[in-house]
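Working notes for the structure below.
In what follows, chains carry the letters A, B, and so on, assigned in the order in which the sequence lines appear, proteins first and then strands, with residues in each chain numbered from 1.
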Amino acid sequence: MLKKKVFRDIKFNKSQFVTIFLMVFLGVFIYSGISSYMDGMKNGAQKYYDENNLQDVWVVGSNFTKEDLEQIRELDNVNAAERKLTVMGSIDNIKDSTAQINFIESNDISKFHVIDGIKFDKNEQGVWIDSYWAENNNLKVGDTLTIRYNEKTFDQKIVGIILSPDHVYDPKSEAELFPTHMDYGFIYLSVNEFVFGAENAIYNYILVDIDNVKNIDETKLNIENVLENAVAITDRTHDLSVKRFEDEIEEGNTYTGVFSGIFLFIAMLSVVTTMNRLVRKQRGEIGILKALGFRNKKIALLYVSYGFWISLCAGILGVILGPIIVGQIFLNMILTYYEMPELLVVVTWKTWLVSALIIGVVSIVTYLSCRNELKEKAIYLLKIEEPKTGKTNVSLDKGIFKKFGFSTKWNIRDIMRSRIRTIMGVIGVTSCCALIICAFGILNTLNDYIDWQLKDLYNFEYRIALEEGYTDKSFNDIVSSYGNNTSQTLNIEFKKEDKKEINTITVDDANGLLRYTDENRNFLELENNGIYVTRKLAETSDLKVGDTVTWHILGSDTWYSSQIIGFNTNPQNQNITMTKKYLDSMGIEYNPDKVYTNTDLSNIKELSGTEAIQNRESIIDGVESMLETMKTMVIMIIFAAIILGIVIVYNLGILSFVEKTYQFATLKVLGFQTKKIGKIFIKQNIWITFIAVLLGAPLGYYMAYFIFRMAMADDIDMMAKVNVSSYLYGIVGTIVVSFIVNYILSRKIKTINMVESLKANE
Amino acid sequence: MRDIIELNTVSKIYKTGEKEYRALDNVSLKISKGEFVVILGPSGAGKSTLLNLIGGMDSVTSGKIIIDGKDISDYNEQQLTDFRAENIGFIFQFYNILPTLTVIENVELVKEVVKKQVDAKKALESVGLEEHLNKFPNQLSGGEQQRVSIARAISKNPKILLCDEPTGALDSKTGIEVLKLLKMQCSKSSGENTVIVVTHNALFAEIADTVIRVKNGRIESVTQNQNPKMVDEVTW
């Protein structure tokens with residue numbers, strides 16, 4: 001019989017139970033969706049690296065010989081090693097293309113994931129091409145590519161469309177945060193196909209697979225000792241591709257943590273209030289059950305089962321649908337710029353645990369609510385509940401309060417009487433407003449990043465990357481035609497006290513074509529008497545203006561000391577900057593590796609001594625298309641925030657409406673018109689919305705600030721920017737939702753049946 | 001004295017699903033102005049329905065209700081609201097005063113809907129609550145709370161005062177005090193109103209000018225009491 005009561009109660013309190021169901025479902029749905037996405041990325045990458053045997057150590061240098069390779073292979077802890085020659089070139093079939101051309105002898109390390117065509121074979125003619133690049137340019141197995149390298153062209157048939165674990169994140173240059181798969185990609189060929197003959201291949205990489213990763217530092221040291229021509233020896237923790245993907249997960253964990261945390265918080269808040277009210281509404285019935293002789297335990301179990309079954313169903317549905325809908329969509333989006341064969345959502349025990357916790361919390365809250373009622377004697381439960389007064393009894397007949405009308409006084413007292421409900425309402429609506437503003441703020445900040453990095457800091461139209469070992473003649477030809485605006489990137493190791501760190505120094509001689517900004521984003525004129533470090537690098541490495549940093553160029557043992565004379569800010573590169581004049585003053589030779597120009601180079605097909613020519617506009621286009629993907633994700637968050645907002649405002653509205661029905665019935669009896677009662681009702685909710693919006697706007701900004709300033713990876717330092725329009729969307733959106741919901745509710749006043757409402761109270 | 005209330009063949013039928021419940025069945029009735037009327041009857045007889053229809057809280061299924069010469073049976077929701085505001089004072093068994101307003105605020109509330117309100121303080125003085133003006137309902141006894149609701153009702157200066165079991169929740173001593181107050185409101189005593197009290201306590205008949213007995217949704221009898229007793233003269 002009691003089971004029947006459960007079902008009937010659920011039927012008669014449909015809207016409350018639907019709210020609880022929706023809230024638990026939405027909370028779990030978003031949480032499990034997002035965490036399955038993050039865990040999916042993590043597991044997917046690990047699986048991909050393991051299955052395709054990504055190298056543990058990268059050795060960069062020049063002209064690695066067969067003996068060098070053998071020496072490494074013989075080292076302890078080394079499982080396998082392979083040589084690779086990587087050069088930059090282009091492909092004539094693809095417009096404005098830059099190609100990373102790799103010649104290899106074998107492919108047991110960083111094995112290809114073949115999507116179409118054949119596996120790597122040293123004796124096979126032909127080219128294996130990056131599948132993302134091929135797809136964007138409609139290239140298939142059997143097509144012929146005209147490859148241009150070092151002023152020579154040669155034709156090769158595509159024999160494989162592949163992915164490589166070494167190229168998960170593969171932007172054209174370190175200056176591009178997002179890879180473009182249209183004009184840049186990688187290709188692999190057997191070294192037998194090297195234009196100048198396999199015997200003339202000058203290998204510049206050795207990939208090393210080691211047995212025990214724990215001893216990696218020792219192995220790296222051993223490699224350093226046997227190879228004199230190694231410029232840099234790095235492991236996975238410093239590899240751009242591996243690290244960027246890991247950073248993506250780390251960043252994602254933080255900002256999605258913020259979002260899903262807030263979602264869960266709001267959802268739980270709503271559930272707790274609803275469940276509490278629901279049980280209190282059943283006070284009389286609890287009294288009847290007690291009077292009939294039901295034990296407290298049995299009654300408690302009955303009420304706990306309400307919360308338990310509803311949240312169990314909602315939780316399970318959330319865990320099932322969240323990963324399928326949110327998680328997989330996000331993963332597929334991520335796969336548009338990270339090159340991986342496949343990423344699948346992973347639901348870990350953590351997700352189930354969080355869902356179980358939510359169900360537990362709902363059940364406990366239900367238990368606690370009915371425990372209070374159960375403590376009372378049946379006879380008192382059957383009587384009407386004395387209205388909670390708390391601080392209701394405040395005098396509002398003095399000072400300015402005296403001038404307040406009835407509805408204002410009534411609302412002030414009602415708020416004081418139902419403080420918890422009011423506070424929950426304010427928190428709920430504040431969070432929704434903040435979520436919307438923050439989500440729009442993310443969009444604004446991403447757009448602002450384009451302006452900052454690609455319009456403020458890059459003051460050039462074209463950037464020419466010079467080939468390693470270019471001749472004086474070709475350099476002079478370039479600068480005489482396009483201007484002598486250059487820079488050099490020095491790979492260095494710096495130390496402050498005992499801490500050592502690998503980083504780069506940009507030596508600037510670009511005459512204003514590269515610009516720098518200070519902490520307030522004002523342009524900075526570089527002085528010639530010291531170095532500038534980026535703010536984020538200063539923070540992570542504990543550097544201050546006035547500190548002295550000692551450093552050396554990688555591959556050289558000469559140490560220099562430089563004083564930090566200022567901080568600059570850069571959204572995507574955290575490094576050190578100095579002027580050429582300062583470099584000259586230290587007696588270090590300046591060898592520019594980039595030339596900047598505003599001359600139109602769109603018709604230049606090939607330029608001697610150059611590796612790549614990049615057009616700022618095409619970088620912007622690439623970044624914008626990548627941002628579209630992120631924007632879609634943000635729009636999904638905004639959409640979810642709006643749904644959540646509607647449910648919360650409606651839920652709180654219903655709760656406050658139900659509580660006031662009796663009072664409204666009395667007012668109706670007294671002759672108050674429905675409209676007038678409606679105004680009284682809406683007044684309080686307008687106040688709540690107004691306060692919530694005032695709190696939500698700055699909170700939204702700080703959420704965005706936290707995400708960009710604190711939560712991002714070490715090399716990213718974006719400044720949160722929230723446009724006025726975003727505040728307006730958040731504020732107006734919240735007010736509109738609140739207004740519509742309240743309007744719908746106030747129409748219900750018309751339907752209050754005075755006789756029944758007043759009777760119900762008896 | 002002229003009739004202030006006239007019911008002509010009034011029926012009220014409630015429908016639940018396919019079942020019909022006749023709460024009032026073809027009731028015709030006249031009540032004169034200024035009388036103290038008691039409606040008696042067992043539970044479910046239709047007393048409260050009768051009161052609610054007269055007070056414009058509910059509308060008839062068929063028949064006519066004429067109050068002070070105006071037919072209210074065709075009134076829409078808004079007209080009924082205005083009618084209640086101007087003409088009717090209600091007193092319920094469980095007081096129905098707003099818990100978040102003070103005593104005086106509960107009475108002053110009427111200002112919001114009535115143009116000519118009796119001074120709230122005076123109304124409260126007349127029910128003996130001048131000491132409690134700024135208290136909240138939960139600081140008052142049941143009898144005092146009922147007196148607040150009487151003060152609120154009379155402060156509207158209504159033509160008709162409708163009381164549904166006004167002493168039902170009170171002990172007998174407090175109940176007597178409340179009855180005295182109600183009796184004072186009708187013009188046959190010292191007031192200006194017509195007072196109708198619904199009760200199942202037969203003793204009320206002794207103090208009424210007119211006693212209407214209701215049973216199974218019909219009027220069983222209407223008795224005029226030539227010598228109504230004072231409240232204190234009845235042995236409660």
Side-chain angles (χ1 to χ4, degrees), chain A residues 383-398 401-402 404-419 659-677 679-680 684 749-762, chain B residues 12 14 23 48-49 51-53 55-59 77-102 104-115 133-139 142 149 152-153 155-156 158 162 164-165 168-169:
Chain A
K383 285 187 175 176
I384 12 171
E385 190 183 9
E386 283 286 314
K388 268 194 305 165
T389 47
K391 287 223 169 102
T392 305
N393 300 3
V394 283
S395 171
L396 293 179
D397 47 14
K398 282 176 197 143
F401 294 117
K402 213 174 172 182
F404 289 165
F406 152 71
S407 72
T408 307
K409 279 186 185 174
W410 183 83
N411 275 307
I412 292 176
R413 294 242 173 75
D414 189 66
I415 284 174
M416 288 177 165
R417 188 174 167 219
S418 310
R419 270 162 295 167
E659 277 185 11
K660 290 171 198 146
T661 307
Y662 148 72
Q663 300 192 48
F664 290 156
T666 307
L667 292 177
K668 265 185 123 171
V669 171
L670 284 175
F672 276 68
Q673 288 291 357
T674 310
K675 260 193 181 166
K676 192 157 191 168
I677 302 174
K679 276 186 188 161
I680 297 172
Q684 192 180 125
I749 292 169
K750 215 175 175 177
T751 63
I752 294 179
N753 183 324
M754 286 172 277
V755 180
E756 284 189 5
S757 304
L758 297 177
K759 271 247 152 81
N761 196 49
E762 290 168 22
Chain B
K12 178 70 192 175
Y14 292 107
S48 296
T49 308
L51 201 73
N52 293 334
L53 289 176
M57 288 230 286
D58 210 345
S59 46
E77 188 64 36
Q78 200 164 337
Q79 287 170 314
L80 278 177
T81 307
D82 287 337
F83 163 75
R84 283 199 305 273
E86 295 299 331
N87 301 287
I88 309 290
F90 276 102
I91 293 156
F92 297 94
Q93 182 177 3
F94 289 108
Y95 336 128
N96 289 337
I97 49 179
L98 302 182
T100 52
L101 296 185
T102 61
I104 184 127
E105 284 166 358
N106 257 292
V107 180
E108 279 175 345
L109 174 66
V110 169
K111 267 191 205 156
E112 304 275 329
V113 288
V114 181
K115 286 169 201 130
L133 299 185
N134 292 314
K135 283 189 179 167
F136 281 88
N138 66 324
Q139 296 169 316
S149 100
R152 184 178 67 188
S155 78
K156 282 171 89 177
L162 300 175
D164 196 352
E165 299 279 11

Under 3.5 Å, side chain of A:Gln673 to main-chain N/O of B:Gln78, donor-acceptor pair present?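 Side chain of A:Gln673 to backbone of B:Gln78, a donor-acceptor pair under 3.5 Å: yes, one is there.
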Could you give the distance from CH2 (A:Trp410) to CG (B:Asn106), rounded to the nearest 0.5 Å?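 One gets 12.0 Å once the value is rounded to the nearest 0.5 Å.
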To check you understand the geometry: which heavy-atom pair defines the closest contact between A:Tyr662 and B:Ile97, and what is its length?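 Minimum heavy-atom separation between A:Tyr662 and B:Ile97: OH-O, 3.4 Å.
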Atom of A:Val669, atom of B:Lys156 and distance for their closest heavy-atom approach: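 Nearest heavy atoms, A:Val669 then B:Lys156: O-NZ, 4.4 Å.
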Are any non-hydrogen side-chain atoms of B:Thr81 and A:Lys675 less than 4.5 angstrom apart?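 Of all side-chain heavy-atom pairs linking A:Lys675 with B:Thr81, none is under 4.5 Å.
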Any side-chain heavy atom of A:Thr666 within less than 4.5 Å of one from B:Arg152?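 Yes, at least one pair of side-chain atoms sits under 4.5 Å.
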Counterpart residues, ring-ring contact (aromatic ring centres under 6.0 Å, His included), relative to B:Tyr95 (two or more places apart):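 By the ring-ring contact (aromatic ring centres under 6.0 Å, His included) rule, B:Tyr95 matches no residue at all.
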What part of B:Leu80 gets within 4.5 angstrom of chain A, counting heavy atoms only: side chain, backbone, both, or neither?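 Contact with chain A: none, neither part.
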Determine the option with the most heavy-atom pairs under 4.5 angstrom with chain A, choosing from B:Asp58, B:Asp82, B:Leu109.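 Counting heavy-atom pairs under 4.5 Å, the top option is B:Leu109.
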Do NZ/NE/NH1/NH2 and the carboxylate oxygens of A:Lys409 and B:Glu105 come within less than 4.0 Å?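 Yes, this pair counts.
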Counterpart residues, salt bridge (Lys or Arg N to Asp or Glu O under 4.0 Å), relative to A:Lys660 (two or more places apart):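 A:Lys660 satisfies salt bridge (Lys or Arg N to Asp or Glu O under 4.0 Å) with A:Asp414 once adjacent residues are dropped.
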Where on A:Lys668 is there a heavy atom nearer than 4.5 Å to chain B: the side chain, the backbone, both, or neither?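 Contact with chain B: backbone and side chain both.
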